[in-house]
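A note on names: the letters A, B, ... follow the listed sequences, proteins ahead of strands, and every chain is numbered from 1. All values below come from the heavy atoms of this structure, side chains included, with hydrogens, waters and symmetry mates left out.
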Amino acid sequence: MHAYRSHTCGALRAADIGAEVRLSGWCHRIRDHGGVLFIDLRDHYGITQVVADPDSAAFKTAETLRAEWVVRVDGKVRRRPEGTDNPDLPTGAVEVYVREIEVLGPAAELPMPVFGDQEYPEDIRLKYRFLDLRRERLHRNIIKRGQIIDSIRRRMKEQGFFEFQTPILTASSPEGARDYLVPSRLHPGKFYALPQAPQQFKQLIMVSGFDRYFQIAPCFRDEDARADRSPGEFYQLDLEMSFVTQDDVFAAVEPVIRGVFEEFADGRPVTAKFPRIPYKEAIEKYGTDKPDLRNPIVMADVSEIFRGSGFKIFARILETSAKGAVWAIPAPRGGSRAFCDRMNSWAQGEGQPGLGYIFFAADSGVIVGRGPVANNLGAQRTEALRAQLGLSDGDAVFFVAGEPQAFFKFAGAARAKIGEELGLIDKDRFEFCWIVDFPMYEWNEEEKKIDFSHNPFSMPNLPPSEFLALDAGDRDKILSIRAIQYDIVCNGVELSSGAIRNHRPDVMKKAFAIAGYDEAVLEQKFGGMLHALSLGAPPHGGIAPGIDRIVMLLCGEENLREVVLFPMNQRAEDLMMGAPAEATAKQLRELHIRVVPPGPG
RNA sequence: GGGGGCGUAGCUCAGUUGGUUAGAGCGCUAGCCUGUCACGCUAGAGGUCGCGGGUUCGAGCCCCGUCGCUCCCGCCA
C-alpha cells in the first residue's frame with residue numbers, strides 16, 4: 001500500500017464498502033462524543049468521515065487530534081448506519097472505521113480557523129495565506145483561475161495564436177506607469193526595468209514576421225492599488241496580430257472572451273454579440289467609458305427643455321456657458337420624495353451642490369411631476385420631459401447641469417448609485433461591450449496645448465495623407481481625430497484595452513509633433529521602436545485583457561486578492577514572505593547602491 | 001500625496017450618558033457524553049481596550065497626536 005494514501009478524501013463511495021483503505025489529510029472538524037469520535041478528514045479532493053470508538057486500536061490517538069493536524073489513517077470503509085448519511089458530501093454514504101492513525105504534521109493553535117466562512121482581517125489572511133487558501137472559497141477560486149487560463153490558452157491556440165515568452169528584465173519605458181527598477185551588478189549606476197506590459201516586444205514580434213502572438217504575460221507597475229487593481233504585478237492575456245483591421249481583432253478576441261465566460265458562468269447569461277459603443281456616446285449615455293450595461297438607466301440631454309425656463313439655476317447655466325448642458329438620469333420606480341431626498345443627500349456627500357429631481361405621480365388619472373424643479377419648470381415643459389424620457393407614474397428623473405466635461409463623472413456615479421439603490425441591476429449576468437473611437441487628442445486647458453488623450457502609439461483614424469497634411473492650427477479638426485483604439489468592458493469593469501498600432505514612422509512623428517514633442521525627444525525615447533518600424537513593419541494591432549479581472553468576475557469576487565494565489569496588500573507588501581525587505585550590505589555593495597533613507601518631513 | 005471607515009481576548013464582535021472586578025460566540029485547556037456532521041453539557045485559562053499625550057474625582061467611551069489595516073481620489077499610455 002502507498003505510504004500515504006490509497007484513495008483521496010473525495011473518492012470513497014458505497015461501492016468501496018468493505019475495502020481496507022488509507023487516507024491522508026487535514027482534520028477539518030472533530031466531534032468527540034466520548035464513546036464515538038468523528039473526524040472530517042479533508043484534502044484537496046473532498047471530505048471523508050473517519051470514525052473511531054473504544055474498540056478501535058487507534059481510539060487513544062484519535063482523542064489527541066486537533067483541528068488542522070495532518071494525519072494518515074488506515075481503516076475499513078463501511079456503510080453509515082441507517083439515517084446518518086450526509087447528503088451534502090459526495091462521500092456521505094460511507095465512513096472509514098479507523099484502525100491506525102499516524103500524525104504526519106501536528107498544528108499549533110490556529111491564528112485563523114480554516115473551518116467555516118467567517119470573515120477575517122486582511123492582514124491576518126495575508127500573513128497566513130496558506131491557511132486562507134485551505135478554505136473552500138479561496139481554494140475553489142484558485143482552481144477556477146487555473147481552469148480559466150487553460151481554457152484561454154486552448155481557445156487562443158485554436159485560433160492560430162502562438163505563445164511567446166518575452167523578457168522580464170528589460171528597459172525602462174518612459175511612458176505610462178512608474179517602473180520597477182532592478183539594479184545592474186555589471187553596470188554600475190544602471191538599471192533594468194520590469195515590463196509594464198510586453199507592448200514593445202509584441203510589436204517587435206509582429207515586425208519579426210510571426211503574425212499571431214499571445215502570452216499570459218506578467219506585467220509590473222509601481223502604482224497604488226485598488227480593489228480591482230493589484231499592486232505591483234498582474235497578468236494579461238496579451239495578444240497581437242499582423243495585417244489586421246479593428247474588425248479582425250474583434251473577430252479574434254470576442255469569441256475567446258465570450259467562450260470563456262460562457263464556459264465558467266455557471267449558466268449566467270453572457271452578451272451574445274458585444275455592442276460597439278463610441279467613446280462619446282458612452283460618456284453621454286452612461287457618464288463613463290466603462291459602463292455597467294446591467295444597469296438599464298440611459299441618460300439623456302434635456303438642455304432644450306430647460307433653456308429659457310422658469311428653473312433659473314439651469315436656465316442661467318445654459319445662457320452663460322456655450323458648452324453648458326442639462327442631462328437627465330431617469331430613475332424608474334424611484335418616484336418617491338424619500339428616495340429623491342436620499343439621493344440628493346448622497347450627492348451632497350459627494351461634494352455636489354445637490355441632485356435636482358422630479359418625481360411623477362398620478363393625480364386624478366393624470367400623471368404630474370412633483371418637486372421644486374417641476375414647480376419652477378411648469379406643467380408644459382415637465383410633460384415634455386416626461387414624454388421624452390418615457391417616464392410614468394411612480395418614476396423619477398434626476399438632473400445634473402453645467403459643462404459635461406466637468407460633471408459627466410458625477411453623472412455616471414449617480415446613474416450607478418440610482419441603479420444600485422433601486423435594484424435595477426441584475427447581478428447574475430455578464431454584459432459586455434466594446435468601447436471604440438477614443439479621441440486621439442485632448443485640449444490641456446492648464447497648459448493651453450494639445451495632449452495625447454490615451455495611447456500615443458495608436459493609429460489615428462484618418463488616411464495617412466490627410467493626417468500628415470494637418471496643420472498645427474487645425475485645432476478643432478485635430479481634437480476631433482479618433483484613434484483606432486478600443487476597450488472591452490464587462491459589468492462596468494474595464495477588462496482590456498487595445499489598438500491598431502501606428503506602424504508608420506512618418507505618421508508617428510507627425511502624431512508626436514502635434515502633441516508638441518520634438519522629433520529629437522521621440523528619437524531619444526522611442527528610437528529603437530521607430531527604427532524597427534522603419535525597416536519593414538506590417539500593419540498590426542492587438543489587445544490585452546486582464547486575466548485577474550476576468551477571473552474576479554467569473555468568481556463573483558469584488559477584490560482581486562480573492563483570485564490571486566499570493567497577493568500583496570494595498571501597500572505592496574507581501575506579509576507572508578516579508579517583502580519588500582532590506583538588502584544586506586554585501587548585496588548593496590555588489591550593486592553599487594547606497595540607501596538614503598527619507599529625511600524627516 | 002489627499003479624504004472616508006475601522007482598530008476591545010488567538011479570531012468574530014458587544015460594551016448604554018464618562019462610573020464597581022471590560023462581556024458573548026468560536027477557538028484553547030480539563031472533565032462528562034456511543035451516531036455526530038456548526039454535536040451537546042460543565043468548568044477554567046486567556047485583555048497594556050493599537051500606541052502616546054490631554055481633559056476629568058474617574059476614560060474602552062471625550063479631545064489632540066501617532067501607527068496599522070482597508071476603501072476611494074490623485075496615479076494607473
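In terms of polar N and O atoms assigned as donor or acceptor, the side chain of A:Arg226 comes within less than 3.5 Å of the base of B:rG74 in a complementary pairing. Remark: the A:Arg229 side chain and the B:rC75 base include a donor-acceptor N/O pair separated by less than 3.5 Å. Judged by distance alone with a 3.5 Å cut-off, a donor-acceptor contact links the side chain of A:Arg80 to the base of B:rC37. In terms of polar N and O atoms assigned as donor or acceptor, the side chain of A:Arg79 never comes within less than 3.5 Å of the base of B:rG35 in a complementary pairing. For B:rG68, its base never sits under 3.5 Å from the side chain of A:Glu122 at any donor and acceptor pair. You won't find any donor-acceptor pair under 3.5 Å spanning the side chain of A:Gln196 and the base of B:rA77, going by distance alone.
Using a 4.0 Å cut-off, some side-chain N or O of A:Lys409 falls inside it from OP1 or OP2 of B:rG74. Between B:rG35 and A:Asn86, no contact under 4.0 Å exists linking OP1 or OP2 to a side-chain N or O. Of the side-chain N and O atoms in A:Arg31, none sit less than 4.0 angstrom from OP1 or OP2 of B:rU36. Under 4.0 angstrom from either OP1 or OP2 of B:rU36 there lies no side-chain N or O belonging to A:Gln49. An OP1 or OP2 oxygen of B:rG35 is reached within less than 4.0 angstrom by no side-chain nitrogen or oxygen of A:Arg78. Dashed line: the shortest gap from a side-chain N or O of A:Arg561 to OP1 or OP2 of B:rC69 is not under 4.0 Å.
Residues A:Arg31 and A:Asp40 are paired through a salt bridge, judged by an N-O separation under 4.0 Å between the basic side chain and the carboxylate. Taking the charged nitrogens against the carboxylate oxygens, A:Arg129 and A:Asp132 do have a contact shorter than 4.0 Å, which makes a salt bridge.
Nucleic acid contact for A:Tyr120: sugar-phosphate only, since backbone atoms but no base atoms lie under 4.0 Å from a heavy atom of the residue. Within the 4.0 angstrom heavy-atom criterion, only backbone atoms of the sugar-phosphate kind lie near A:Asn569; the bases stay farther away. Contacts of A:Pro81 with the nucleic acid, taken as non-hydrogen atoms under 4.0 Å apart, include base atoms. Among the protein residues, A:Phe452 comes within range of no part of the nucleic acid, since none of its heavy atoms lies under 4.0 Å from any strand. Among the atoms of the strands shown, base atoms are found under 4.0 Å from some heavy atom of A:Asp85. Nucleic acid contact for A:Ile124: sugar-phosphate only, since backbone atoms but no base atoms lie under 4.0 Å from a heavy atom of the residue.
Side-chain atoms of A:Glu223 lie closest to B:rC76 of the nucleotides B:rC11, B:rG10, B:rC76. For A:Val36, taking side-chain heavy atoms from C-beta onward, the closest of the listed nucleotides B:rG35, B:rU70, B:rA77 is B:rG35. Set against B:rC69, B:rU34, B:rG27, the side chain of A:Glu109 has B:rG27 as its closest nucleotide. Each of B:rC39, B:rU36, B:rA77 was ranked by its minimum atom distance to the side chain of A:Glu95; first place goes to B:rU36. With distances taken from any side-chain atom of A:Pro121 to the nucleotides B:rU70, B:rG35, B:rU12, the minimum falls on B:rU12. Taking the side chain of A:Asp224 as heavy atoms from C-beta on, and the options B:rG1, B:rC11, B:rC76, the nearest nucleotide is B:rG1. Distances from the side chain of A:Arg66 to the nucleotides B:rC69, B:rA38, B:rA30 place B:rA30 closest.
Nucleotide B:rC62 has B:rG54 as its partner under the Watson-Crick or G-U criteria, with both atom distances under 3.5 Å. B:rG44: Watson-Crick or G-U partner is B:rC28, with both key distances under 3.5 Å. Nucleotide B:rG68 has B:rC6 as its partner under the Watson-Crick or G-U criteria, with both atom distances under 3.5 Å. Pairing for B:rC75 is absent, with no Watson-Crick or G-U wobble pair whose two atom distances lie under 3.5 Å.
For the atom pair CD of A:Gln570 and CG of A:Leu126, the computed distance is 11.5 Å after rounding to the nearest 0.5 Å.
Between A:Leu131 atom CG and B:rG27 atom P there is a gap of 16 Å when expressed in whole angstrom units.
Aromatic ring orientation, A:Phe457 versus A:Phe512: tilted (interplanar angle from 30° to 60°). The aromatic rings of A:Phe164 and A:Tyr213 sit tilted relative to each other, their planes meeting at an angle between 30° and 60°.
By the 5.5 Å and 30° criteria, A:His33 is not stacked with the base of B:rC33.
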Would A:Trp346 and A:Phe410 satisfy ring pair (Phe, Tyr, Trp, His ring centres under 6.0 Å), going step by step from the backbone distance to the final call? CA-CA 11 Å; A:Trp346 167 81; A:Phe410 168 68; 5.7 Å; yes
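A side-chain donor-acceptor contact under 3.5 Å links A:Asp43 to the backbone of A:Cys9.
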